[in-house]
Amino acid sequence: MSNTTNWNRRRFLGTTLSSAVGSTLAGTAIAPAILGATAAQAQGKGVTVGLIYVGPRDDYGWNQAHAVAAKALKSVPGVKVVEEENVPETVAVRKTMEGMIQSDGASLIFPTSFGYFDPFMVDMSKKYLKVEFRHPTSLWSADKHPMNLGGYFCYLDQAHYINGIAAGLSTKSNKIGFIAAKPIAIVLRNINTFTMGVRKVNPNAVVQLVFTGDWSMPVREAEACNALISAGNDVIACHVDSPKVIIETAEKAGVKTLGHNASQAQLAPKGFITGAENKWETVYKTFAVAISEGKKLPNQFFGGYDKDMVLSTPFGAGASDKARNAATQAIADLKAGKPIYTGPVKSNTGKVVLDKGYGLYDPVLEKMDYLVEGVAGTLG
């Protein structure tokens, strides 16, 4: 992929803003300074921000969630946004980062796909020490990575908990399907937290789980959705890169759905309940303002509803009144820091996996290698 090709595929965007940056930072001394900064303070102190997507920006999923945030970033005065989509997790992303730095003058880059981090972002951060690189995971480690590299993370499991509460109060069959990509910790956490929400309001409901094997497998996703519907599941949730096929398949069959990553509401006007959305906008605006003010960025930045870093898609026609009311109250509880895992919690094999209560951001919850009670499925 040549730099000329990269240039042709990008859009350069000037910006204005009508509101202040209302975001917060977790666990860093920079927070008070950034909290007092407004977008107006960034005006005239230009910063170029690069965003790189592994797929199309309009995928109704992971990439679109970042693209929505990039669009919001355009409103910050003095910020120029450079975007490139469909960049594979290969040497191509190194070339894209290089082009953004050398040709566009980017001083802050967000390569947004998992496979971009190592070795590509690690190598580039060592080469360009004056450029800040941030990745949407917690892969950065102070003992082995450069200080101009780091991670940020929206704890989407909190929004999946809300999805679960809404699902538990919207099902009639007490069978809720969940289609997931891979049995890795971050995915298992979303499945488990979703199930905790379901079982909190409907102890009789069961979450029937199917793994597709990869992040984007449209044919397999459609097959899994149809199989779950045939098995009597009247609500379908998911964790795949783009839920578009799943949402459309379920809607066609008259089955209710819950979203993931970005809003899929318009795909299911009859059956959509709500969805778990990443609010990357909070991260991007906060970091851009900090860079423009000459402030050091944190290497780790994370949060959920309490930090305005996740949100729930507005309720659709598939949500019952009880679901709306209970989900709204649960969001308020999460904003107040009320925990989800109060313990003891058993796995679906009967083993106690959490013997006490844990806070929303307890490191123990990062290491899930099990499925909680209420999930019908296996890790294999």
Side-chain angles (χ1 to χ4, degrees), residues 13 15 17 19-39 41-42 47-54 57 61-83 97 100 106-114 116-117 121 125 131-140 147-159 186 260-263 276-293 295-312 335 360-361:
L13 305 157
T15 58
L17 180 68
S19 62
V21 176
S23 54
T24 61
L25 290 176
T28 172
I30 194 175
I34 293 182
L35 286 173
T38 66
Q41 290 174 309
V47 56
T48 297
V49 180
L51 287 103
I52 305 171
Y53 316 120
V54 73
R57 285 175 289 192
W62 175 258
N63 296 293
Q64 184 165 317
H66 289 281
V68 167
K71 183 177 180 180
L73 184 58
K74 302 172 193 176
S75 65
V76 179
V79 173
K80 181 170 69 174
V81 177
V82 182
E83 301 173 83
M97 286 188 280
M100 288 180 170
S107 57
L108 173 60
I109 299 180
F110 296 107
T112 62
S113 190
F114 184 85
Y116 291 161
F117 186 80
M121 289 180 66
S125 64
V131 177
E132 296 288 339
F133 300 83
R134 293 296 183 273
H135 189 253
T137 65
S138 55
L139 294 176
W140 180 84
M147 294 304 293
N148 61 325
L149 180 64
Y152 57 99
F153 189 69
C154 299
Y155 275 83
L156 200 59
D157 70 305
Q158 294 182 20
I186 188 173
H260 173 69
N261 278 331
S263 174
E277 294 188 42
N278 293 291
K279 194 174 180 183
W280 304 116
E281 172 186 347
T282 296
V283 181
Y284 296 161
K285 283 185 175 180
T286 301
F287 279 32
V289 170
I291 286 284
S292 70
E293 291 291 304
K295 297 181 175 68
K296 177 69 175 72
L297 299 185
N299 295 100
Q300 294 179 318
F301 180 96
F302 61 87
Y305 285 103
D306 58 334
K307 301 296 189 297
D308 195 30
M309 292 177 68
V310 299
L311 58 91
S312 290
K335 286 182 177 179
L360 294 175
Y361 305 111

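Between Met147 and Glu132 the shortest heavy-atom distance is O-OE1, 4.3 Å. Considering all non-hydrogen atoms of both residues, Ala288 and Leu73 come closest at CB-CD1, 3.7 Å. Contact detail for Ile109 and Ile52: the closest heavy-atom pair is CG2-CD1, 4.2 Å. The minimum heavy-atom distance between Lys285 and Ala72, with the atom names listed, is CE-O, 3.4 Å. What you find for Ala106 and Gly50 is that their closest heavy atoms are CB-N, 4.5 Å. In plain terms, the two heavy atoms of Thr137 and Phe114 that are nearest each other are CG2-CD1, 4.1 Å.
Under the side-chain contact (heavy atoms from CB on, under 4.5 Å) criterion, Tyr361 pairs with Tyr155, Gln158, Phe302, Asp306, not counting sequence neighbours. Listed by chain and residue number, Phe110, Tyr152 satisfy the ring pair (Phe, Tyr, Trp, His ring centres under 6.0 Å) test with Tyr284 (two or more places apart in sequence, or in another chain). Remark: Ser113 pairs with Glu89 by the side-chain hydrogen bond (donor to acceptor under 3.5 Å, both in side chains) rule, at least two apart or across chains. Residues satisfying the ring pair (Phe, Tyr, Trp, His ring centres under 6.0 Å) criterion with His66, sequence neighbours excluded, are Trp62, Trp280. Residues satisfying the side-chain hydrogen bond (donor to acceptor under 3.5 Å, both in side chains) test with Gln64, not counting sequence neighbours, are none. Applying the side-chain contact (heavy atoms from CB on, under 4.5 Å) rule to Lys71 yields the partners Lys74; only residues at least two apart in sequence or on another chain are considered. Partners of Glu277 by salt bridge (Lys or Arg N to Asp or Glu O under 4.0 Å), not counting sequence neighbours: none found. Residues satisfying the ring pair (Phe, Tyr, Trp, His ring centres under 6.0 Å) test with Phe117, not counting sequence neighbours, are His135, His145. The side-chain hydrogen bond (donor to acceptor under 3.5 Å, both in side chains) check on Ser125 picks up nothing, with sequence neighbours excluded.
The OH atom of Tyr53 sits 7.0 Å away from the OG1 atom of Thr112 when rounded to the nearest 0.5 Å. Note that CG of Leu108 is 10.0 Å distant from OG1 of Thr48, once rounded to the nearest 0.5 Å. Of the inter-residue distances, the one linking Ser107 atom OG with Asn148 atom CG reads 12.0 Å to the nearest 0.5 angstrom.
With hydrogens and angles disregarded, no donor-acceptor distance shorter than 3.5 Å links the side chain of Arg134 to the backbone of Phe287. A distance-only check finds no donor-acceptor pair linking the side chain of Asn278 to the backbone of Ala262 [under 3.5 Å]. Counting only distance, with no hydrogens or angles, the side chain of Ser312 and the backbone of Ala159 share no donor-acceptor pair below 3.5 Å. Although no hydrogens or angles enter the test, the distance criterion places no donor-acceptor pair under 3.5 Å between the side chain of Trp140 and the main chain of Asn299.
The side-chain contact (heavy atoms from CB on, under 4.5 Å) with Ile291 is formed by just one residue from the set Val49, Leu297, Val79; it is Leu297.
The closest side-chain heavy-atom distance from Met121 to Met97 is below 4.5 Å. At least one side-chain heavy atom of Leu156 sits under 4.5 Å from a side-chain heavy atom of His260. Residues Met309 and Val283 have side chains in contact (heavy-atom distance under 4.5 Å, counting atoms from C-beta outward). Using a 4.5 Å heavy-atom cutoff, the side chains of Lys80 and Val47 are not in contact.
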